[in-house]
Q: 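What follows is a structure written as structure tokens; I'll ask about it next.
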Amino acid sequence: MKTLIKNGRVLDPAHQIDANLDVLAVDGKIAQIAAGIELPDAETIDAGGLLVVPGLIDIHVHLRDPGYEYKEDIVSGTRAAAAGGFAAVACMPNTNPINDNKAVTTYIRQKAAAEGQVRVYPVGSITKGLKGESLAEFGDLQAAGCVAVSDDGRPVTSGEIMRRALEYARSFQLPVISHAEDLSLVGDGVMNEGFVATQLGLRGIPWVAEDAAVARDVLLAEFTGARLHIAHVSTRGAVEIIRAAQRRGVPVTAETAPHYFTLTDEAVRGYDTHAKMNPPLRGAADVQAIRDGLADGTLSVIATDHAPHHVDEKNVEFNLALNGIVGLETALPLTLRLVEEGVLTLTEAIARLTIGPARALGLPGGTLEVGRAADITLVDPTCKWTLDPARLLSRSKNTPFGGWQLKGAAALTMVDGRVVYQR
Amino acid sequence: MVFRHKHILGIEQFTREEIHFILDTAESFKEINSRQIKKVPTLRGKTIINVFFEASTRTRTSFEVAAKRLSADTYNISASTSALVKGETLEDTAKNLEAMKPDIIVMRHNASGAPHYLADRCDFSVLNAGDGAHEHPSQALLDLMTMRQHKGRIEGLKVAIIGDITHSRVARSNLLALQKCGAEVRLCGPGTLLPTGVEQWGVPVFHRIEDAIDQADVVMMLRIQQERQGKTLLPSLREYAMYYGLNRSKLSLAREDAIVMHPGPMNRGVEISSEVADGPQNVILEQVENGVAVRMALLYLVSGGEQLEV
């Protein structure tokens with residue numbers, strides 16, 4: 001099986017390639033990257049006017065499978081991922097049952113292999129049952145296919161447990177992903193603490209709830225020397241803490257999500273539950289700091305925190321609505337907006353969606369290399385479209401971007417040389 | 001003036017002219033309340049349901065009295081008797097009420113934004129009788145009506161609002177209404193009860209009640225709600241009373257003709273001493289009286305106002 005992608009602009013940030021080249025995939029692997037490849041017997045894809053980039057990688061999604069299939073499952077979630085240009089996703093362990101053991105990891109891997117559209121990398125839990133009390137079996141989880149551990153959705157409240165998690169994970173070279181939040185400071189807050197919350201009469205979640213927790217975990221990473229990745233960074237202070245730590249050599253990486261560089265807490269006005277997420281949408285100064293952090297590489301990863309919820313879970317009073325939005329099918333155009341606005345170069349933007357996430361979790365992929373799996377995304381950077389939530393492939397439609405005019409989309413997504421999505 | 005609002009969700013939605021128009025309308029209704037026969041046929045045939053998801057005696061009764069004096073048919077649903085306790089969603093509750101074809105739903109809810117939720121989804125008029133820590137528009141209007149009666153104006157009045165600003169919908173609605181009408185508002189409370197970003201309202205914020213009250217025309221005390229404040233915001237009611245409670249000596253710092261207001265129910269000996277609560281400067285029961293007139297005006301205006309006969 002030979003597939004030839006011709007006439008595209010190949011952009012591979014890891015190798016500083018930005019040139020008009022053709023890419024040949026043979027039997028699921030990249031066989032050749034060169035100008036003017038002619039191969040009459042290959043199936044040819046015309047990529048004229050398109051970007052040819054490494055398959056995008058989203059290291060923060062909730063596939064909700066097992067347990068919450070009414071929100072999403074591995075089939076619908078990976079279909080949405082493919083439509084968003086993602087060739088691989090890492091899925092968080094807050095399923096039911098929780099992915100704190102080999103059996104659940106194996107179920108996810110097997111179902112993804114059999115029915116999924118894209119690569120699925122399970123993330124195991126840090127603590128058993130996400131309870132924050134005792135460590136899950138990292139070795140067993142890793143052997144079954146977990147690429148990292150996280151209690152995402154909840155912080156590890158005990159400093160002692162987090163310390164031991166980092167120390168223990170280090171022996172398996174397993175990255176620990178921190179959902180950094182001081183719950184005592186969060187209290188019963190439902191949106192960013194600030195003037196908008198004050199005007200709306202909604203309880204606030206202060207930035208210091210995130211900053212204090214990020215500071216603790218960064219210091220624990222420094223103390224233990226273990227690999228730490230900070231999930232969904234949303235505040236200026238967190239960016240500054242991470243930047244300072246990276247400068248002194250602490251092995252910490254960090255991600256943010258498109259909504260944190262696109263929206264502020266102003267989006268909550270009107271009590272729009274699609275603007276409710278955790279961490280919450282922050283103020284304008286935070287959004288600017290997130291953009292600066294992406295630009296200077298402090299934040300080397302854009303991940304969606306794709307969090308599908310049923311309409312009934314959002315169509316309630318603001319304080320009762322569940323946190324989170326779907327993101328797989330909007331991440332690429334929202335990231336390209338940063339290029340349009342001059343925040344990132346195109347190469348940087350693609351890097352945050354490819355090699356950045358691959359390196360953060362030590363995953364294969366994120367670059368185009370001869371001999372490696374042919375995970376390739378073709379990006380149409382200029383097509384304009386309006387987001388109609390009803391047309392999302394995710395089972396859930398909880399997005400604050402409904403009706404937005406977007407520019408740029410995945411034209412084609414290929415995993416192992418197989419086309420899994422074509423616009 | 002043509003009143004174009006289908007819903008009354010908050011002071012936010014009104015202009016200064018509209019606020020005065022509502023107060024003028026309320027003045028005209030006030031007279032009905034002192035007649036021998038306190039009833040006019042204005043809203044005959046209208047159905048008004050009071051849906052109170054949060055306990056209330058004063059506001060619910062005030063709305064009910066207002067509606068009945070205008071001859072509307074009124075029904076009351078409270079949290080303890082409603083399907084809410086059986087786990088029904090707000091949308092289902094609303095749709096079921098809608099099926100009974102009410103003209104107005106008066107709603108109190110502990111969730112900020114709940115009346116907006118209803119207004120977005122239903123055909124009837126929604127009148128916000130207090131939503132979470134967001135707004136309580138009828139309270140602010142009756143407060144302004146009381147101030148206007150005593151001072152002849154709102155513009156230029158120095159109004160000190162003192163207490164738990166963070167959790168108070170009364171404070172928010174009053175602040176907005178007073179700002180729109182040109183009063184000089186001052187906010188005061190301990191640091192734990194002042195919301196983040198409070199200074200962005202553009203009014204002076206004080207930590208010492210003495211500074212806030214200085215030369216004030218109106219002193220508005222807010223209720224301390226132990227159940228809302230939890231355990232971490234105040235060390236004790238005793239200390240709160242010492243530093244933020246209004247007594248005669250603190251009140252003497254205000255203008256001699258200052259009036260003292262309280263939205264009720266009062267915690268005597270906490271935010272207000274009995275000597276002040278019962279003293280000559282208090283207008284607390286006038287607030288309650290004006291409440292009925294203001295609510296009559298609001299029900300009348302959202303029902304189509306001028307086309308109706310008074």
Side-chain angles (χ1 to χ4, degrees), chain A residues 182-211 235-237 264-276 279-286 309-322 400 402, chain B residues 9-12 53 84 87-95 107 109-121 128 130-136 164-173 175-176 179 187 192-203 205 228-233:
Chain A
D182 181 329
L183 288 180
S184 71
L185 288 168
V186 170
D188 45 12
V190 295
M191 71 170 289
N192 182 47
E193 184 167 319
F195 189 52
V196 179
T198 292
Q199 286 182 304
L200 293 176
L202 292 172
R203 298 258 176 134
I205 300 172
W207 52 259
V208 68
E210 179 168 336
D211 295 16
T235 64
R236 175 174 57 183
T264 67
D265 55 2
E266 292 285 339
V268 178
R269 287 194 195 281
Y271 301 95
D272 182 0
T273 57
H274 286 145
K276 184 178 179 187
L281 296 174
R282 304 286 186 180
D286 295 297
H309 288 300
H310 191 270
V311 61
D312 289 346
E313 294 165 329
K314 284 290 193 181
N315 186 15
V316 291
E317 298 91 309
F318 191 86
N319 56 330
L320 300 181
L322 295 186
Chain B
L9 303 177
I11 296 296
E12 228 166 9
F53 289 98
L84 185 75
E88 190 179 64
T89 65
L90 184 57
E91 179 166 50
D92 287 338
T93 303
K95 290 292 177 194
M107 183 167 80
H109 202 289
N110 56 10
S112 298
H116 309 66
Y117 177 98
L118 225 59
D120 285 345
R121 288 165 177 77
N128 181 5
D131 64 320
H134 180 228
E135 281 231 43
H136 191 351
D164 181 359
I165 309 296
T166 299
H167 302 95
S168 177
R169 53 192 172 218
V170 175
R172 279 172 184 71
S173 287
L175 171 70
L176 293 176
Q179 275 189 320
L187 300 176
T192 48
L193 300 180
L194 291 170
T196 303
V198 63
E199 65 289 341
Q200 290 179 59
W201 264 317
V203 299
V205 178
R228 287 236 170 88
Q229 277 106 33
K231 292 193 176 77
T232 55
L233 300 181

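Below, chain A is the first sequence line, B the second, and so on; all start at residue 1. Since this is a predicted model, take the numbers as computed values, not measurements.
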Q: Please identify, among A:G194, A:G201, A:A197, the residue contributing the most non-hydrogen atom pairs under 4.5 Å to chain B.
A: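 Going by pairs under 4.5 Å, I would pick A:G201.
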Q: CZ of A:F318 to OH of B:Y117: how many Å apart, nearest 0.5 Å?
A: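 A:F318 atom CZ to B:Y117 atom OH measures 13.5 Å (nearest 0.5 Å).
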Q: Quick one, A:F195 and B:E199 - any side-chain contact, counting heavy atoms below 4.5 Å?
A: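 A side-chain contact is absent here, since even the closest heavy-atom pair is not under 4.5 Å.
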Q: With a 4.5 Å limit on heavy-atom distance, are the side chains of B:N110 and A:E317 in contact?
A: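 Side-chain contact under 4.5 Å: no.
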Q: Return the CD to NE2 distance between A:Q199 and B:H134, rounded to the nearest 0.5 Å.
A: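 Going from CD on A:Q199 over to NE2 on B:H134, the span is 8.5 Å.
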Q: With a 4.5 Å cut-off on side-chain heavy atoms, are B:R121 and A:N315 touching?
A: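 Yes; the side chains approach each other to less than 4.5 Å.
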Q: Is the shortest side-chain heavy-atom distance between B:S112 and A:L200 below 4.5 Å?
A: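 Contact flag for B:S112/A:L200 side chains = no.
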Q: Mind telling me whether A:Y271 and B:H116 have parallel, tilted or perpendicular rings, with 30° and 60° as the class edges?
A: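 Rings of B:H116 and A:Y271: tilted, as their planes differ by 30° to 60°.
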Q: Measuring heavy-atom distances to chain B, does A:D312 have an atom under 4.5 Å in its side chain, in its backbone, in both, or in neither?
A: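 Neither the backbone nor the side chain of A:D312 comes within 4.5 Å of chain B.
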Q: Check each atom of B:E91 against the heavy atoms of chain A and say whether the ones under 4.5 Å are side chain, backbone, both or neither.
A: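 Side chain only.
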Q: Do the non-hydrogen side-chain atoms of B:H167 and A:R203 ever get within less than 4.5 Å of each other?
A: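 Yes, at least one pair of side-chain atoms sits under 4.5 Å.
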Q: Can you name the closest pair of heavy atoms from A:T198 and B:T196 and give their distance?
A: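 Shortest heavy-atom separation between A:T198 and B:T196 comes out as OG1-O, 2.6 Å.
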